[in-house]
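Only one structure is covered here, and it is reproduced in the block below.
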Amino acid sequence: MSTSTAISILQCGKTYPNGTRALETVDLEVVSGETLVLLGPSGCGKTSLLRMIAGLESPDAGGRILFGSEDVTAQPPETRNVGMVFQSYALFPNMTVAQNVGYGLRIRRLPEERRRARVAEMLEMVQLSALSARRIDQLSGGQRQRVALARAIAVTPRVLLLDEPLTALDAKLRESLRVDIDTLLRKAGITAIYVTHDQAEAMALGDRIVVMDHGEIVQIGSPTQIYHAPANAFVADFVGSVNRLQGNVQDGVWRCGNAALPWPADAPVGGVVMVRPEDLRLGHEAAGAISGTLTARYFLGNRTRLLVDIGQGAPVLVDTSERGEFALASQVHLRIDPATMIVLPA
Amino acid sequence: MSTSTAISILQCGKTYPNGTRALETVDLEVVSGETLVLLGPSGCGKTSLLRMIAGLESPDAGGRILFGSEDVTAQPPETRNVGMVFQSYALFPNMTVAQNVGYGLRIRRLPEERRRARVAEMLEMVQLSALSARRIDQLSGGQRQRVALARAIAVTPRVLLLDEPLTALDAKLRESLRVDIDTLLRKAGITAIYVTHDQAEAMALGDRIVVMDHGEIVQIGSPTQIYHAPANAFVADFVGSVNRLQGNVQDGVWRCGNAALPWPADAPVGGVVMVRPEDLRLGHEAAGAISGTLTARYFLGNRTRLLVDIGQGAPVLVDTSERGEFALASQVHLRIDPATMIVLPA
Amino acid sequence: MSMDGRKHTLLLGALMAPAAAFFLAFWLLPMARLVGVGASGPQGMGAYWSVLTNQNYLTSLIYTFVLSALVTLATLVISCIAGLFLERNRFPGRSLLLAVLTFPLAFPGVVVGFLIILLCGRQGLIGDLTKWLTGEKLVLAYSLSGLFLGYLYFSIPRVILTVMAAAEKLDYALVEAARTLGASPLQIVRDVTLPALGPALVSSGAICFATSVGAFGTAFTLATNITVLPMLIYNEFTNYANIPVAAALSVVLGVVTWAVLALARSVAGNTVTVAA
Amino acid sequence: MSMDGRKHTLLLGALMAPAAAFFLAFWLLPMARLVGVGASGPQGMGAYWSVLTNQNYLTSLIYTFVLSALVTLATLVISCIAGLFLERNRFPGRSLLLAVLTFPLAFPGVVVGFLIILLCGRQGLIGDLTKWLTGEKLVLAYSLSGLFLGYLYFSIPRVILTVMAAAEKLDYALVEAARTLGASPLQIVRDVTLPALGPALVSSGAICFATSVGAFGTAFTLATNITVLPMLIYNEFTNYANIPVAAALSVVLGVVTWAVLALARSVAGNTVTVAA
C-alpha cells in the first residue's frame, strides 16, 4: 500500500540554547518497514530524537538525517511527508472527525472525490466510519487516539512517528489499542518509530527496541534480547523487575546459599548475578537451593508475588503461578535454572 | 494507635433527583480493622456507596449507616470523623504541606504543640518530613498522594475512605505506592474502604473485595476466591483475562478437542467452562489436549501471550513463561489441569 | 454538588431573600422608570419613534454605531497581529514594551481625549510634523479621525492582552500537527490559530464595541463636530431638558449594546461579559 | 516552540519592524508630551507640586481615590455573596435574574448618571417614597452618595460575573475534603472559597478601582457638588485652559491607577489587565 522508507540518523546530537544536552551524538539505522521502539525514562532524549526525524527540531551542526538516500536535514516538517501521532492527540477541535482525517489531503489539494474516498478508507481501517461527522470533543480517549492515527496515515507518509500515543489512556484500553496498532502497522507495512516509557508496550510492539538513557543509546535489540540479555543493570531494571544476588565464584562455580551453578565461561570477572522474579522456582528442600523467610505476599491473579528475606538486605522478589497458602514467616527454598542467570559487569 | 470501627450499611440505595438509580438497595458489613475494596467499572455505584459512608451523599429513605453501634445516617460529614482521600487529592493549594496535614487538627482546636507533633509524626510516616514547608504545586503526583493520605489519617478517623487514590499516577509509581499504602494500613490497623476500577490494585490491597456492577454487589470474597472462583462471567472477565471453551458433557466427562476432563459433581447443567490464560499448558502431543494453530504471539517479558485458533471463533489466549520460538502457524497442543477449570451457569 | 451542600446554600439563600428582593427592586426600578420616561413626553411613545426618524438623532445613532464597528474591526486586526507576535517571541525589552503598550489602560476617557489633542490637535505633534513637511497643518483631533484614534488608543491594550492570554492557552502541538501534515504558515493561521482565538476575539470585539459606543469622556474633551450618542443624550438631558428623548435614546443604546454582548456571549461562551 | 517556528515568527517580526516602530512612536509620543506639558506652565515643574499642595486639587484627589476605594470594597462584598449564591444554586428564573443583574453593563456612564437621577434625584423614586413615609424628601443623587450608588451600579455586574467564573472553576472536592476534616461552612468560606477566589477578587477589585477613578460620564451627568478628578481635569483643560495643571493631574491619575493595576497583576497574575 504505502511505500516504506529506510531512515538513517548520522551523528545527530541536540543541545538546547540554554546549554542542556538533550541528546548525545548518536547514529541509528531504521530498516524499511520495521517498527522501531525508542524506550527510556523521561528526559532520556527519545522524544528529541523523534522530533528531529519529524523536522520539528534540528540536530546540532554536523548531524544528518536521510530518508532512503535523500538528505532531509534542512527540510522543514511541511515537506518531509511524515505522519506524526502526538501524546495529546493534537486533533483540531474546530473540525469534525472526517475533516481531521482529511486535513493533510486538503493541504495537498487532492480532488474532493479522492479525498472523500481516502478518508472513508482510513475511518474504516480504524473502525470509526460511524463517527465521521462527530466533533472531537464528543469522542472518548480511545476514539481520539484512533482518529489521530488515521489522520497521520491518510497522507501515506514515508514514516509514521508515534510519541507516547497510549500514555493518556487507562490500562485496559492501552492493552487493547496496543494490539490494534500492532495489527495496523503490520498490515500497512509502514516504517514506524514509536516512543514510549512503558516497557510492556515496547516489547509488545517493537520489532527492535532502542533503549535510551541520559541522551545515549544503551542497547539495540529484539524484545527477547533486551529482556533476557540486557546490556547493563539500567536496562535489566528498566525492562521488568530483577533481583541482584550476591555470591562467590570459585573453580568455575557460583555459590549463593546452598545453590551452586556453573559460572558462564564468557562471564566478566567479578560480574553481578541477576535473576528475574519469574525465573526463581520454589522447591521443597534446602539442598541446592537458596533459603529464606517469606516476609510478604501479594496475590496478583495470574501470579503471586512473594518477598523473601535471604539475609542480603533487600528482599528477593519471586513470582510464582502456583496456588498455595504461602504462610508468612515460613521457610522458602529458591532454585535457579542456570539458563536464566544474567551476569553483568559490576 | 487508632481505634478501628466496624461499619454496617443497611438497606442503602441511591436514586438521584433526575431518576438515575446509582445504587440498588444493598447491605454490607465492614469488619473492624480490615481493608475492604469496592471494585467495579465506572458507573457501578462504588463511589456513591463510599460517598454515602463519608456523609457526602445521603441514602434513599430507609437506608441506615452504622459506625459500630452508632447510627450516623443523619450526621453530616463534619461530625462523622472519617478520613477521605480523593482521586484528585483535593489538597488546599493555599496551604503548605504541613498546614494541609494539620488542617483537621486546627479545626478540632488541638493545641499548637500537640498539633505540631502529630503533623511531624504523620509526615515521617509518609516519608515527607523534608518537604513540610513546600507549597502543594511544588510536589510531584506521588508526593501529593502521600500528603493526602497523611492529612486523612492525622485526625485519627474512625474509618479511612480512599476514592481511586492511585488512578492519576503512572504505572510504575502506582505499583510502588500500592505497597506503601498496604504497609501503612496494616501498621495503623485502621478500617479502610478502598474504591478502584483496577483489579490488580484490588487484589494486592484488599483483605476482602466487593465486586460491583450496575449498582449491585455481585460478589464478596477474598482476592483468591474472586479470581479462582468468580460468581459469574462478569466477575471472571473483570478480574483478569479468561477463555470460554465450548465442549460436550457426557457421562460425567467434559470433552473439548481431544481433551477429556471430569465434570465437577456440583457443576450446573449446561454450565460454561472458562479457563484463565496462565492455566493452559503447552504440551507436545495431541492426545488428551486441545489442538489449534498459533496465530499471534506477544512477548511481554515475564511471559509470552499466544493467540491460538482452535476453531471456536475467538482465539484462545495462552500465557506461558516458557522461552521458545513459538513459530506462527505452527500446531499447538493445550492441556488443562482439572483444578483450574471454572464452570459457571450459562 | 452533594444534596447536603445544596440544602445548605439554599438555606443561606432563604435567609438572604428579603435583602435580595430589596436590593433587586432598587436595581430594577430605575431601568423600568427609564423605559417609562421614554414614553412619557408630549408625544407619548412618539419619543421612541422620533429617535429613529428625526434626522439629527438618526445621524448620531448611525455615526456612533458605524464608528464603533470600525474601531472594533481595526482594533481586532492590529491587536491580533501584535498579540500573537508578543506571545510567540521572547526578546530583550519585551516586558517594557508590554508595559508601555498597556499604559493607556490607566487613563480615563477624558485624559485619552487630552492625549489625542496633544497628538493631532491645533498645536499637536502631527500638525507640527505635517506643516514642516508639506506646509499644510493636518488637524485630525476634532473630526471623526480624532475620535477613531482615541477609541483605538484605549481599545488596543485590552484586546492585545486578551489575545495574548488566549494564544498562551493554544496547544502548540496543534501547530506542529498541522506542520507535519504539510500546512504552510498562512494555512496554520487560517486553520489552527484563528479558530483557537475565535472566542477571545468575538468576546473582546463585543466589549470593544460596547465601550466605544458608550465612550463619553473622549468625545466630550475633543468637543468634536460629530455628536456621538452619549453626548447627544447628555445634551438632550442637561441642556435642553428633553428628558423623554434622552430616555428613549438611552434605551436604544442599551438595547443595541446588550444585544451585541448577548450575541457574542452565545457565540463565545460565558467569558464575554466577565471581561467587560 | 521549535527552532524553526521561532525563526519563522522572528522573520515575520523583522518584516513588521518598521510598521511597529512607527506605530509605537505615535503610541508613546502623546504620553511623553503629556508628562512634558505638565512641567511647561509658568511654574515649570511647579504644576506637579501645586496639584499636591493646592487645597482644591488635593481635596479632589483624595475624594476621588477614597470614593473609588469604598466603591471597590462594597462591590467586592456584595458581588462575592451574590456571585457565590448564583453559581452554587440552580432555581427557576436564575437565567432571567442573571440577565437583569448584568443589564447595566450595556449602559455608558452618562446613562447610569441618568438612572441615578431617576432613582434618587429631586423627582426620584426614593424622594417620592421618603416624602410619603416621613414627609421629608431624601435627595441623594447630587451628593457623594449618588456617585457611590452610580459607581456600584456599573461595578457590581462585572464583578459578579468574574466571581461566578472563578467559583465555577473551584474544585468542589476541596470543599468536600474540608467537610470530611470537620470544617464548618464559615470555616470553608475562610479556608477554601475565599483563597480560591482571591486572584479573581484582587484583579476585579483593581479594575473596579481604576474604572471608578476614571468615571466621567456619571459624575458629569449628576453634576455633583463634589468635583471628581476626571471632571477637574476636564474643567482645567476646557474651561480655564490651565493646560499644565490638567496634564499634571492626568499624570498623577495615570500613575496611581497604573500602580494599582500593576500591584494587582503581581499578586493575582496576568489575568488582571485582560479583564480590564
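Every chain is numbered from 1 and lettered A, B, ... according to where its sequence line falls, protein lines coming before strand lines. Computed from heavy atoms alone, side chains included, the values below leave out hydrogens, waters and symmetry copies.
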Minimum side-chain heavy-atom gap C:L229-D:V110 below 4.5 Å: no
Closest approach of D:L118 to C:R33 (non-hydrogen atoms, all atoms of both residues): O-NH1, 3.7 Å
Parallel, tilted or perpendicular: rings of D:F220 and C:F220 (30°, 60°): perpendicular
Side chain to side chain, D:W258 and C:L105, heavy atoms closer than 4.5 Å: no
Chain C contacts, top residue of D:T257, D:L101, D:L152, D:I243 (heavy-atom pairs, under 4.5 Å): D:L101
Any side-chain heavy-atom pair of D:V213 and C:P108 under 4.5 Å: no
Top contributor to chain D contacts, counting heavy-atom pairs under 4.5 Å, from C:P104, C:P230, C:A210: C:P104
Heavy-atom contact with chain C under 4.5 Å, split by part of D:L97: side chain
Evaluation steps, side chain to side chain contact (heavy atoms under 4.5 Å, CB included), between C:I233 and D:T221: CA-CA 10 Å; C:I233 294 173; D:T221 308; over 6 Å; no
Part of C:A246 within contact of chain D (heavy atom distance under 4.5 Å): both
Criterion side chain to side chain contact (heavy atoms under 4.5 Å, CB included) on C:V251 and D:F107, from CA distance to verdict: CA-CA 9 Å; C:V251 169; D:F107 290 127; over 6 Å; no
Minimum heavy-atom distance between C:V111 and D:S250, given as atom pair plus value: CG2-OG, 3.5 Å
Non-hydrogen side-chain atoms of C:M31 and D:L119 separated by less than 4.5 Å: no
Interface moiety of D:I78 toward chain C, non-hydrogen atoms closer than 4.5 Å: side chain
Heavy-atom pairs under 4.5 Å with chain C, option from D:G109, D:S204, D:G214 with the top count: D:G214
Atom group of D:A247 that falls short of 4.5 Å from chain C, counting heavy atoms: both
Segment of D:F237 engaging chain C (4.5 angstrom heavy-atom cut-off): side chain
Atom group of D:M231 that falls short of 4.5 Å from chain C, counting heavy atoms: neither
Atom group of D:I117 that falls short of 4.5 Å from chain C, counting heavy atoms: side chain
